[in-house]
Structures are given as C-alpha cells and as structure tokens.
Amino acid sequence: MFEYAPAPESRSVVALRDSYGLFIDGEFTDGGGVFKTVNPADEEVLAEVASADAADVDRAVNAARRAFDEVWGPMPGRERGKYLFRIARVLQERAREFAVLESLDNGKPIRETRDIDLPLVAAHFFYYAGWADKLQYAGVGTRPLGVAGQVIPWNFPLLMLAWKIAPALATGNTVVLKPAETTPLTALLFAEVCQQAELPPGVVNIVTGAGETGRTLVSHPGIDKVAFTGSTEVGRQIAQAVAGSPKRLTLELGGKAANIVFDDAPVDQAVEGIVDGIFFNQGHVCCAGSRLLVQESVADEVLAALRRRMSTLRVGDPLDKNTDVGAINSAEQLAKIQELSAAGEAEGAERWSPACSLPDRGYWFIPTLFTGVSQAHRIAREEIFGPVLSVLTFRTPAEAVEKANNTPYGLSAGIWTDKGSRILWMADKLRAGVVWANTFNQFDPASPFGGYKESGYGREGGRHGLEAYVR
Ligand code: NAD
Ligand code: MG
C-alpha cells in the first residue's frame, strides 16, 4: 500500500432531510411508525424514515389499484413511454445527487454509484420506455397484470428499484415498492423524480419499513403480482405466502458463483476479473464470483498475482473517489461475514488478507482470500455476501464443471480461457442463468438476468423481463 491524498466527493449536492414520509398516491405522508437509517461508513444517523403498517400498505395498494383502473391501465403505450423517458432523463440530470446519496446510505464507493449504478438505472428506464409502445412485437402478451407488489434488497437499492419499476410501468402495471430498511433514501428521492416527471398519482407508491412491511405487502389480497429480490430464505417464505393465490411471482435470490480460470487464460486479465467478481460492491452481489476455481497447473501463478493485486485495493471512505472497497452495509451483515470467515479458519482453510488500516468507526471488512478450501467447507457452500473469496483447484474441464455445479444455487458463472470452443462447451454444461466469458459482472438492460435452482425463477432485463408483467 502507498499513501495517497484524499479526494472526497462533496456531500453538498444532497439536501438530506431530518425525516422522510411514505410516498402514497403521489404525496408524502406519515406512516404508522418510524425507523432510522445510518451511514454504514461512520454510523451517523442520516434520517428518520416512516415505517408502513398494515393500514399504510392498504392505502398504497388502493391508490395503485385506482391508478391502474382509471389512468395507467387504459393509457396507450406511446403515452406511458413518454413518462418513462422523462423519468430516465431526470435521473441522468440528477445522477450526481443520487450517486452521493446512495453512497451515504449504502456504503458503496462513489466510483461505483457514479459510474455503474446510476448509468445502469437510467439505461433501464430508457430501455423499457422503448418497449412501451411496441409490446405487440415482443411476443410475450400485451395485457398488464394490474398492481405489482415489489420488495427489494439493500445491495443495489436504486438499481433494483429500476429493475422492478421500469418493466412494470412500461407494460401498464402500477406498483407498490418496499425498499430495504437499511437503504430507503434513494427510493424516496426517486419518488420526488416521479413528482417532477408528473407521473399520475398512485402509479408508483413507495412504502418503507422492515421485513414486516414486506410481509404485509406480499400477502395483501389486492395485488396481482409479487416481485422479490433478496435472500433464498425470505424467498421461500414469500413463495409459501402466495401459493394457492392467483398472484404471479418472480424470485431473484442468492448465488455462489464459480469463476473458472484455465491454464491458457491471460493471467492479468483474469486477476482483474476475479477482483471485480468478488470485491465489487464489497461482495454484496448475488452473482458475485465467490468461488474461484483455478486450474492446478497455474494456481501458484494466479494466486501470487491475485495477492499482489489485492494489496493495492483501497478500502475506506465511500465518498473518496480513490476508494475501491467501501463499508459493509450493516452491523448484521458484518457479523455474518465474520462468523462465516471464522468458520472457514476453524474448518482448516488458510486465510489471507493484505495489510490494511481501517477507519475507527463504521462497518468494515478487509478483502480476504481463503486457500486450501474443500467443497465440504461452509465457505464453499454458503453465500457469504461479503469481500471473501474461496479458492478451489481443478485438473480437467469436466472436473471444473462438476465443482462449479456442486451448489444449490445457479445464478452466474465466469470462464477464463483462450479457447472459444471450450467456452461454448462449458457454457452449455454450467447450470447458471448467466455465464460470462473472459469478463465478469457485466450488466446491460437488454440482457436477461436470473437464476436456476435455489437462485430463484423469472428473468429481469431484456424482452424476457416484460414477460413477468403481462398476460
Ligand atoms: P432479506 O431477504 O431478509 O431482505 C430483502 C428484502 O425483503 C428487504 O426489503 C426486507 O425488508 C424484506 N423482507 C424480509 N423479510 C420479509 C418477509 N417475510 N416478507 C417480505 N419481505 C421481507 O435479505 P437481508 O436480510 O437484507 O440479507 C440476508 C442475506 O440475503 C444476505 O446475507 C445475502 O446472502 C442475501 N441477499 C441476497 C440478495 C440478492 O440480490 N440476491 C440481496 C440482499 C441479500
Ligand atoms: Mg443506511
């Protein structure tokens, strides 16, 4: 590590309020309770936020129903599209404000919110705006379902909102969305964008609160569709809650992706892909490449290069433009990462981290590498959802496939090799919704994303993403 001058982004672009209300029927209103959201980088309370109880959720669902029946459902697609384009443009105009607020509330580096989250958020609205008047050509049906209840996690707060809201609105549905309790602020700023774009009241409703608010929303009899992204455990509960009802359901759950490096891969590029795969967004990524499978003959070389590269990662202030790895989103998530890492050591894997000094306050975890990992170890099986990489080795392509697929999850995988024929052979055999070749963590609104097995079902993004919202 070498010293460098701090280069913090200014917070002044964000006008934080002391308290935030629910967004129902086009207006901000009080809720049945309140909770606090903190900045995980210094534990500062950022604001008090309204928590929606059953009566609030009911109001939101009724507002969404009325908006669907009277305004949004009957509106021609070409008119709906104009609102989506308008929202996309406002998001671009206010991108800096959103990026700073997202880094404050979530702890992720400004380099990521500015260069990845916000551009992708706007791109999703632009992409689905384009479909609004062309649904008859998509071949998936054209009639909206009605009211969608959407519950999202804290790892990409605004991006997951965009993945949920853009296709729902483009197809003529109205929504009630619940953000995660540790990251409600950008969703509430998005509510302001809806006002600014003069979106008809009730088309988008935001109900903040904890798991109980989510449970109330998904079990509300007035919604036609549930879309959820989060843990497999909660996904299972939701699947049970909607079973036997006419509600449609899509689930985007956890993952334990294999990033597979063959002996003919360009080592420096592969190392960049490994680092991006697991340390991007502090590893709080459902498709994170959390299991490195490296061919035995090049394992020493790849691991030496990886340790060198990890030693240059800058961990710290999320608002510093030099920061590569920010804060862990919450004390609970930090405790979970610590517990699983301790289990890795106890089970006999070898733990390594670069030398690194951390801020005194806030939630932090140094990028960590485990070698000597066996398939039976918990760190090879369970989703850690943090900056922790488990390394396993293989000798043949068949062994790589077998190890990669040896997981209850099936969201993503990466392949690093010089041979195109091997990429195709592997991609065909890997049980994963997304397979990247000689790259990792690439996202595009035109490309569908989603899982197999315990990673959930349904696709978000692309033409396939429309399917979840039409009949
Ligand atoms: P979670 O599944 O508990 O929370 C996700 C969302 O669901 C939040 O908005 C939460 O308030 C809501 N929720 C919780 N209980 C609910 C219920 N019974 N009914 C309806 N909604 C409910 O995830 P978490 O606690 O934030 O994280 C736990 C683990 O989940 C992480 O460690 C990670 O492994 C995984 N995770 C996966 C993703 C992903 O993108 N696939 C995202 C976040 C977390
Ligand atoms: Mg927060």
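Scope of the values below: all heavy atoms of this structure, side chains included, with no hydrogens, waters or symmetry mates.
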> Would the number of heavy atoms belonging to other residues, nucleotides or ligands and lying under 6.0 Å from CG of Asp115 be above 12?
Replying inline: yes
>> Looking at Tyr83, I'd like to know if the NZ or CZ of Arg80 sits under 6.0 Å from its six-membered ring centre while staying within 45 degrees of the ring's axis.
In response: no
> Does the side-chain contact (heavy atoms from CB on, under 4.5 Å) test come out yes or no for Met426 and Val401, once each step is laid out?
Replying inline: CA-CA 7 Å; Met426 294 284 294; Val401 167; 3.6 Å; yes
> Are Thr213 and Thr208 side-chain neighbours, meaning at least one heavy-atom pair lies under 4.5 Å?
Replying inline: no
>> Holding to salt bridge (Lys or Arg N to Asp or Glu O under 4.0 Å), I want the full list of residues that pass it with Glu112, two or more places apart in sequence or in another chain.
In response: none
> Would you say the side-chain atoms of Arg291 and Thr407 include a donor-acceptor pair closer than 3.5 Å?
Replying inline: no
>> Measuring from atom OG1 of Thr323 to atom NZ of Lys108, what distance do you get when rounded to the nearest 0.5 angstrom?
In response: 14.5 Å
> Looking only at heavy atoms, what is the nearest atom pair of Val193 and Arg94, with distance?
Replying inline: CG2-NH1, 4.2 Å
>> Looking at every heavy atom in both Ser374 and Leu392, which two are closest together, and how far apart are they?
In response: C-CD2, 4.0 Å
> Do Asp105 and Thr37 have side-chain N/O donor and acceptor atoms under 3.5 Å apart?
Replying inline: yes
> Are Leu16 and Leu101 close enough that some pair of their side-chain heavy atoms sits under 4.5 Å apart?
Replying inline: yes
>> So which atom in Gly458 and which in Thr250 form the shortest heavy-atom distance, rounded to 0.1 Å?
In response: CA-CG2, 3.9 Å
>> Tell me whether Lys36 at atom NZ has more than 12 heavy atoms from other residues, nucleotides or ligands lying less than 6.0 Å away.
In response: no
>> Taking Asp18's backbone N and O only, do any of them form a donor-acceptor pair with Glu48's side chain (distance below 3.5 Å, no angle check)?
In response: no
> Looking at residues at least two apart in the chain, or sitting in another chain, which of them share a side chain to side chain contact (heavy atoms under 4.5 Å, CB included) with Ser447?
Replying inline: Asp444
>> Would the distance check show the side chain of Gln150 and the main-chain N or O of Val175 forming a donor-acceptor pair, the cut-off being under 3.5 Å?
In response: no
> Which one of Lys256, Arg381, Arg236 satisfies the salt bridge (Lys or Arg N to Asp or Glu O under 4.0 Å) criterion with Glu454?
Replying inline: Arg236
>> Run the side-chain contact (heavy atoms from CB on, under 4.5 Å) test on Phe228 and Leu253 for me, step by step, so that the C-alpha distance in whole Å, both residues' side-chain angles and the decisive distance to 0.1 Å come before the verdict.
In response: CA-CA 8 Å; Phe228 173 76; Leu253 309 175; 3.7 Å; yes
> Hey, are the side chains of Tyr20 and Ile206 touching, using non-hydrogen atoms and a 4.5 Å cut-off?
Replying inline: no
>> A side-chain contact here means heavy atoms from C-beta on lying under 4.5 Å apart; do Ile379 and Arg351 qualify?
In response: no
> Side-chain contact, heavy-atom cut-off 4.5 Å: Phe365 with Val388?
Replying inline: yes
> Roughly how far, to the nearest 0.5 Å, is the CG atom of Leu145 from the NZ atom of Lys247?
Replying inline: 13.0 Å
> Does the side chain of Asp268 come within less than 4.5 Å of Arg309's, by heavy atoms?
Replying inline: no
Donor-acceptor contacts, no H, no angles, side chain residues 334-343, under 3.5 Å, sequence neighbours left out:
residue: Glu339; atom: OE1; partner: Arg378; partner atom: NH2; Å: 3.3
residue: Glu339; atom: OE2; partner: Arg378; partner atom: NH1; Å: 3.0
residue: Ser341; atom: OG; partner: Ile337; partner atom: O; Å: 2.8

> Where do Ile24 and Ala63 come nearest, in terms of heavy atoms and distance?
Replying inline: CG2-CB, 4.3 Å
> Are any side-chain N or O atoms of His377 and backbone N or O atoms of Ala349, one a donor and one an acceptor, separated by less than 3.5 Å?
Replying inline: no
> When rounded to the nearest 0.5 angstrom, what distance separates CG in Leu177 from CD1 in Ile152?
Replying inline: 4.5 Å
>> Is there a side-chain contact (heavy atoms from CB on, under 4.5 Å) between Arg96 and Ser10? Walk through the geometry before answering.
In response: CA-CA 10 Å; Arg96 187 151 163 255; Ser10 168; 4.3 Å; yes
>> Using 30° and 60° as the class boundaries, would you call the ring planes of Trp131 and Tyr127 parallel, tilted or perpendicular?
In response: perpendicular
> How long is the gap from CG on Asp324 to CG on Asp276, to the nearest 0.5 Å?
Replying inline: 10.5 Å
May I have the list of side-chain donor-acceptor pairs in residues 354-361 shorter than 3.5 Å, sequence neighbours left out?
residue: Arg361; atom: NE; partner: Asp42; partner atom: O; Å: 3.2
residue: Arg361; atom: NH2; partner: Asp42; partner atom: O; Å: 3.3

> Does Arg463 reach the main-chain N or O of Ala138 with its side chain, forming a donor-acceptor pair under 3.5 Å?
Replying inline: yes
> Which pair of heavy atoms, one from Ile87 and one from Ala197, lies closest together, and at what distance?
Replying inline: CG1-CB, 3.9 Å
>> Run Leu411 and Val434 through side-chain contact (heavy atoms from CB on, under 4.5 Å) and show every step you take.
In response: CA-CA 6 Å; Leu411 194 52; Val434 181; 5.9 Å; no
>> Can you pull out every ring-ring contact (aromatic ring centres under 6.0 Å, His included) where at least one residue sits in residues 145-188? Sequence neighbours excluded, please.
In response: His124-Trp163, Trp154-His284, Trp154-Phe385, Phe156-Phe280, Trp163-Phe449
> Would you say Gln375 has more than 12 foreign heavy atoms packed within less than 6.0 Å of its CD?
Replying inline: yes
> Within the side chain of Asn173, is there an N or O that forms a donor-acceptor pair under 3.5 Å with the backbone of Tyr469?
Replying inline: yes
> So how far is it from Tyr409 OH to Ser290 OG, rounded to the nearest 0.5 Å?
Replying inline: 9.5 Å
> If we only count heavy atoms from C-beta on, is the Leu91 to Phe190 side-chain gap below 4.5 Å?
Replying inline: yes
>> Could you tell me if the side chain of Leu199 sits less than 4.5 Å from the side chain of Val204, heavy atoms only?
In response: yes
> Hey, does the side chain of Asn405 reach the backbone of Leu430 with a donor-acceptor pair shorter than 3.5 angstrom?
Replying inline: no
> Would Lys164 and Thr229 count as having a side-chain donor-acceptor pair, cut-off 3.5 Å?
Replying inline: yes
> Any donor and acceptor pair, going by atom type alone, linking the side chain of Ser455 with main-chain N or O of Lys453 inside 3.5 Å?
Replying inline: no
>> Restricting to non-hydrogen atoms, name the atom on Gly386 and the atom on Ile278 that form the minimum distance, rounded to 0.1 Å.
In response: O-CD1, 3.8 Å
> Does the ring of Phe28 carry Arg17 above it, NZ/CZ under 6.0 angstrom from centre and within 45° of its axis?
Replying inline: yes
> Residues in salt bridge (Lys or Arg N to Asp or Glu O under 4.0 Å) with Arg431, at least two apart?
Replying inline: none
> Are any side-chain N or O atoms of Thr439 and backbone N or O atoms of Trp436, one a donor and one an acceptor, separated by less than 3.5 Å?
Replying inline: no
>> Salt bridge or not between Arg114 and Glu9? Use side-chain N to carboxylate O under 4.0 Å.
In response: no
> Looking at CD1 of Ile165 and OH of Tyr128, how far apart are the two atoms once the value is rounded to the nearest 0.5 Å?
Replying inline: 13.5 Å
